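Below is one structure; the comments refer to it alone.
On a predicted model such as this, the values are computed, not experimentally measured, just so you know.
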Amino acid sequence: MIEGLVALAAMMLLCFMRIPIAFAMAITGVIGYAYMRDWNWTVAFAVVQTNVYETGRNYTLSVVPLFLLMGTFVARAGIAQELFRAAYAFIGHLRSSSRACRHSRPRP
(Lines give C-alpha, C1' and ligand atoms only; values in the text may rest on other atoms or scores of the structure.)
Protein backbone atom coordinates (compact mmCIF):
# COMPACT_ATOMS: atom_id res chain seq x y z
CA MET A 1 0.00 0.00 0.00
CA ILE A 2 2.73 2.44 0.96
CA GLU A 3 4.66 1.69 -2.25
CA GLY A 4 1.66 2.74 -4.33
CA LEU A 5 1.29 6.00 -2.44
CA VAL A 6 4.99 6.74 -2.85
CA ALA A 7 4.72 6.03 -6.59
CA LEU A 8 1.66 8.28 -6.86
CA ALA A 9 3.47 11.07 -5.01
CA ALA A 10 6.52 10.63 -7.27
CA MET A 11 4.35 10.75 -10.37
CA MET A 12 2.58 13.88 -9.14
CA LEU A 13 5.95 15.48 -8.37
CA LEU A 14 7.16 14.72 -11.89
CA CYS A 15 3.95 16.21 -13.31
CA PHE A 16 4.39 19.36 -11.22
CA MET A 17 7.91 19.61 -12.63
CA ARG A 18 6.16 19.91 -16.03
CA ILE A 19 7.26 16.50 -17.30
CA PRO A 20 4.58 15.12 -19.65
CA ILE A 21 2.18 12.70 -17.97
CA ALA A 22 3.12 9.80 -20.25
CA PHE A 23 6.79 10.11 -19.32
CA ALA A 24 5.99 10.56 -15.64
CA MET A 25 3.90 7.41 -15.67
CA ALA A 26 6.57 5.50 -17.60
CA ILE A 27 9.37 6.55 -15.26
CA THR A 28 7.31 5.70 -12.20
CA GLY A 29 6.28 2.36 -13.69
CA VAL A 30 9.82 1.31 -14.60
CA ILE A 31 11.14 2.24 -11.17
CA GLY A 32 8.21 0.48 -9.50
CA TYR A 33 8.69 -2.68 -11.54
CA ALA A 34 12.41 -2.69 -10.81
CA TYR A 35 11.58 -2.31 -7.10
CA MET A 36 9.19 -5.27 -7.26
CA ARG A 37 11.95 -7.42 -8.82
CA ASP A 38 14.62 -6.55 -6.22
CA TRP A 39 15.98 -3.63 -8.24
CA ASN A 40 16.60 -5.76 -11.33
CA TRP A 41 16.72 -3.09 -14.03
CA THR A 42 17.28 -5.59 -16.86
CA VAL A 43 13.93 -7.24 -16.24
CA ALA A 44 12.18 -3.88 -15.83
CA PHE A 45 13.46 -2.56 -19.16
CA ALA A 46 12.70 -5.89 -20.87
CA VAL A 47 9.08 -5.65 -19.68
CA VAL A 48 8.86 -2.05 -20.92
CA GLN A 49 10.27 -3.06 -24.29
CA THR A 50 7.81 -5.94 -24.61
CA ASN A 51 4.84 -3.79 -23.58
CA VAL A 52 5.72 -1.03 -26.06
CA TYR A 53 6.06 -3.57 -28.87
CA GLU A 54 2.80 -5.36 -28.02
CA THR A 55 0.89 -2.09 -27.75
CA GLY A 56 2.23 -0.86 -31.09
CA ARG A 57 1.37 -4.16 -32.72
CA ASN A 58 -2.24 -4.00 -31.55
CA TYR A 59 -4.54 -3.61 -34.55
CA THR A 60 -7.06 -1.44 -32.73
CA LEU A 61 -4.48 1.19 -31.84
CA SER A 62 -2.82 1.11 -35.26
CA VAL A 63 -6.10 2.08 -36.94
CA VAL A 64 -6.51 5.33 -34.97
CA PRO A 65 -3.69 7.31 -36.69
CA LEU A 66 -4.88 6.15 -40.10
CA PHE A 67 -8.43 7.25 -39.30
CA LEU A 68 -7.12 10.68 -38.28
CA LEU A 69 -5.07 10.87 -41.49
CA MET A 70 -8.17 10.05 -43.54
CA GLY A 71 -10.11 12.77 -41.71
CA THR A 72 -7.37 15.27 -42.46
CA PHE A 73 -7.43 14.39 -46.16
CA VAL A 74 -11.23 14.75 -46.25
CA ALA A 75 -11.12 18.12 -44.49
CA ARG A 76 -8.30 19.49 -46.65
CA ALA A 77 -9.98 18.41 -49.87
CA GLY A 78 -13.19 20.18 -48.91
CA ILE A 79 -15.20 16.99 -49.01
CA ALA A 80 -16.31 17.42 -45.40
CA GLN A 81 -18.06 20.71 -46.12
CA GLU A 82 -19.81 19.17 -49.11
CA LEU A 83 -20.94 16.20 -47.02
CA PHE A 84 -22.43 18.51 -44.40
CA ARG A 85 -24.23 20.49 -47.10
CA ALA A 86 -25.63 17.30 -48.61
CA ALA A 87 -26.79 16.05 -45.21
CA TYR A 88 -28.43 19.41 -44.53
CA ALA A 89 -30.19 19.26 -47.90
CA PHE A 90 -31.61 15.83 -47.08
CA ILE A 91 -32.57 16.24 -43.43
CA GLY A 92 -32.24 19.96 -42.75
CA HIS A 93 -35.96 20.56 -43.08
CA LEU A 94 -36.76 18.13 -40.24
CA ARG A 95 -37.47 19.66 -36.86
CA SER A 96 -35.03 18.85 -34.11
CA SER A 97 -35.35 19.08 -30.38
CA SER A 98 -31.72 20.03 -30.05
CA ARG A 99 -30.83 23.70 -30.25
CA ALA A 100 -27.23 22.80 -31.06
CA CYS A 101 -28.24 21.57 -34.52
CA ARG A 102 -29.53 24.99 -35.49
CA HIS A 103 -26.19 26.64 -34.85
CA SER A 104 -24.25 24.24 -37.05
CA ARG A 105 -25.97 25.05 -40.33
CA PRO A 106 -23.54 25.30 -43.23
CA ARG A 107 -23.36 28.62 -44.93
CA PRO A 108 -24.79 28.76 -48.47
Side-chain angles (χ1 to χ4, degrees):
M1 174 83 178
I2 192 74
E3 293 90 357
L5 293 175
V6 170
L8 180 64
M11 189 174 61
M12 295 299 283
L13 179 70
L14 290 172
C15 288
F16 285 134
M17 292 170 45
R18 302 192 53 92
I19 293 176
I21 293 174
F23 293 129
M25 290 175 70
I27 291 167
T28 306
V30 169
I31 293 172
Y33 200 83
Y35 171 74
M36 287 175 27
R37 299 292 179 180
D38 287 335
W39 298 107
N40 190 350
W41 294 98
T42 307
V43 174
F45 286 121
V47 167
V48 168
Q49 182 181 12
T50 304
N51 283 343
V52 168
Y53 174 73
E54 290 296 326
T55 302
R57 202 176 72 138
N58 188 357
Y59 174 76
T60 305
L61 294 178
S62 66
V63 171
V64 172
L66 296 174
F67 184 75
L68 293 174
L69 180 66
M70 179 188 65
T72 303
F73 287 157
V74 167
R76 291 287 182 163
I79 299 171
Q81 186 67 25
E82 295 300 321
L83 286 173
F84 280 113
R85 284 190 182 147
Y88 185 73
F90 284 114
I91 62 172
H93 64 281
L94 298 176
R95 289 182 48 92
S96 173
S97 63
S98 175
R99 288 271 185 203
C101 293
R102 289 191 169 169
H103 300 294
S104 62
R105 290 183 186 164
R107 293 183 182 150

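No continuous path of ILVMFWY side-chain contacts below 4.5 Å connects Val52 to Val47, so the two sit in separate hydrophobic clusters. In this structure, Phe23 is a member of the same hydrophobic cluster as Val30, with clusters built from ILVMFWY side-chain heavy atoms closer than 4.5 Å. The hydrophobic clustering, which links ILVMFWY residues whose side-chain heavy atoms are closer than 4.5 Å, places Val48 and Ile31 together. When hydrophobic clusters are built by joining Ile, Leu, Val, Met, Phe, Trp and Tyr residues whose side-chain heavy atoms come closer than 4.5 Å, directly or via intermediates, Leu13 is not grouped with Met11.
Ring-plane geometry between Trp39 and Tyr35 is classed as perpendicular, the angle between the planes exceeding 60 degrees on a 0 to 90 degree scale with a lower cut at 30.
No more than 12 heavy-atom neighbours from other residues, nucleotides or ligands sit within 6.0 angstrom of CE on Met12. Open room surrounds CD on Gln49; 12 or fewer heavy atoms of other groups in view lie less than 6.0 Å from it.
Residues Asn40 and Val43 come closest through the heavy atom pair ND2-CG2, 3.2 Å. Taking every heavy atom of both residues into account, Ala80 and Ala75 meet most closely at CB-CA, 4.3 Å. Nearest heavy-atom pair, Ile21 versus Cys15, reported as atom, atom and distance to 0.1 Å: CG1-SG, 3.9 Å.
Separating the CG atom in Asn58 from the OH atom in Tyr53 is a distance of 12.0 Å, to the nearest 0.5 Å.
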Review point. After noting the C-alpha distance and the side-chain angles of Thr28 and Tyr33, does the key distance pass the side-chain contact (heavy atoms from CB on, under 4.5 Å) rule?
Key: CA-CA 9 Å; Thr28 306; Tyr33 200 83; over 6 Å; no
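The shortest side-chain heavy-atom distance between Leu68 and Phe73 does not fall under the 4.5 Å cut-off.
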